[in-house]
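Below is one structure, written out as C-alpha cells, with a few remarks after it.
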Amino acid sequence: MMSDFVTRFAPSPSGLLHLGHAFSAFCAFEAAKTAQGRFILRIEDIDTTRCRSKFEQIILDDLRWLGLEWVEPVRRQSEHLDDYAATLERLNAMGVLYRCFLTRREVLDEIARAPHGPGEVYTGPQIPMSKDEEAARLANGEAFAWRLSLSSARDYLGSRWDALCFVEQGHGPKGEHGTIDAQPQRHGDVVLARKDIQTSYHLAVTHDDAAQGITHVIRGQDLFESTHIHVLIQALLDVPTPHYHHHRLINDDSGKRLATRNRAASLQDLRKAGLGAKDVRDMLRAK
Ligand code: GLU
C-alpha cells in the first residue's frame, strides 16, 4: 500500500552530478522507499544562462545508473514558466511585491548605507519609488526584478506572521532540529522574479513543491536558510508547509565541501574510472 509520503530530488542541470548530489538523491529515494511513498525527480532549469539540456540527459542517465527510479513524467521547470508568472501575479495582486530597478552594485551600496549601520541583506528602498518615476522607467524599457516586500507581507499576514514555522526532521548547519520559527527577515526583500528570467529559485521551488504535493523536502544543509523564506511564500500562497529534512553535506578527502566549483569528481568521472553504483553507495557510507 502506497502512503501519502511524497519527496523529490531537484537538481539543476548546470553541471555534472557529483557524490554530494548522489547522497542527496539517495537520501530522498531511500526515505520514499522506507515510507512506501513516492520519489519525484524535478529538473530545476529556469536559469537558462547556466542550465544545459546535455547536462539534463547526463543527470538522468547517472541517476538510472545509480539504481534510482522515479515517478514519470519528470517535471521540467522551464516548461512551467506560465505557472510561475501566474503565481507572481497573484502575489502582486496581494500587494506584497514591488519592482526593483537597481543593479547588483546599487543593491550592495544600499545595504552598506543602511540607516542602522551596514546590514547583510537588502531591506527595500528608504522611500518607495513614486508611481511617476516607475512609469517613466518602464516607458524607458528599463529592466526590473520583482522583490517580495517583507513589511507588506507582514501586514498582509497579520498574526499569522508570528506563527510562521517549519518542522526540521534532520538538522540545520547549527544543529537546528524540531519545530523552528521561520525568520524570513534573515533574507531581506528577496527577488522573486529576476530581471532576466522572470522567476526565481524561491518562487519556482515553493510553487512546485505545492503543485506536486511534496510532503517531505529532503535536501542538503546548504539550503536550510532558504527554508525561512519558503515558509513565508507558502503562507502567502496559502499552501501547506512540507516537513523538511536537511542532511549533512559530503566533504572531499581534504574536508572541503564537494561542489562543482571545487572541481569535485563527477559521477561521470567515477564511472569512467570503472566504479559501479554499489561502490558509490559504499563511498557515501564511508564519508
Ligand atoms: N535545484 C536546487 C539545487 O540544485 C535544489 C533545490 C531544492 O532541493 O530545494 O541546488
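Remember, it's 1-based here, ligands and their atoms both numbered in the order they're listed. Positions are given from 1 along the sequence.
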message: Regarding S152 and D155, do their side chains bring together a donor and an acceptor under 3.5 Å, going by distance alone?
response: no
message: Whether R104 and E106 form a salt bridge (side-chain N of Lys/Arg under 4.0 Å from carboxylate O of Asp/Glu) is what I want to check.
response: no
- prompt: Is the closest basic N to carboxylate O distance between E56 and R76 below 4.0 Å?
  reply: yes
- prompt: Can you list every pair that meets salt bridge (Lys or Arg N to Asp or Glu O under 4.0 Å) and has a residue in residues 3-22, with sequence neighbours left out?
  reply: R8-D209
For residues 217-226, run the donor-acceptor check on the side chains, cut-off 3.5 Å, and write out each pair with its distance to 0.1 Å, sequence neighbours left out.
| unit_1 | atom_1 | unit_2 | atom_2 | d |
| --- | --- | --- | --- | --- |
| R219 | NE | H246 | NE2 | 3.1 |
| R219 | NH1 | Y201 | OH | 3.2 |
| R219 | NH2 | T227 | OG1 | 2.9 |
| Q221 | NE2 | H171 | O | 2.9 |
| D222 | OD2 | R257 | NH2 | 3.3 |
| E225 | OE1 | R186 | NE | 3.2 |
| E225 | OE1 | R186 | NH2 | 3.3 |
| E225 | OE2 | R186 | NH2 | 2.5 |

- prompt: Can you tell which of H246, H202, E44, Q77 gets a heavy atom nearest to atom 6 (C) of ligand 1?
  reply: E44
Shortest heavy-atom approach to atom 5 (C) of ligand 1 - which of G20, G220, A10: A10
- prompt: At what distance is the nearest protein heavy atom to atom 10 (O) of ligand 1, and which residue and atom is it?
  reply: L223 CD1, 4.2 Å
Atom indices of ligand 1 within 4.0 angstrom of [X] heavy atoms, with elements:
X: V205; value: 9 (O)
X: R8; value: 7 (C), 8 (O), 9 (O)
X: R219; value: 7 (C), 8 (O), 9 (O)

query: Below 4.0 Å from any atom of ligand 1, is there a heavy atom belonging to R42?
result: no
field: Contact check, F9 vs ligand 1, heavy-atom distance below 4.0 Å
entry: no
Cation over ring face, R285 and F26, 6.0 Å, 45°: no
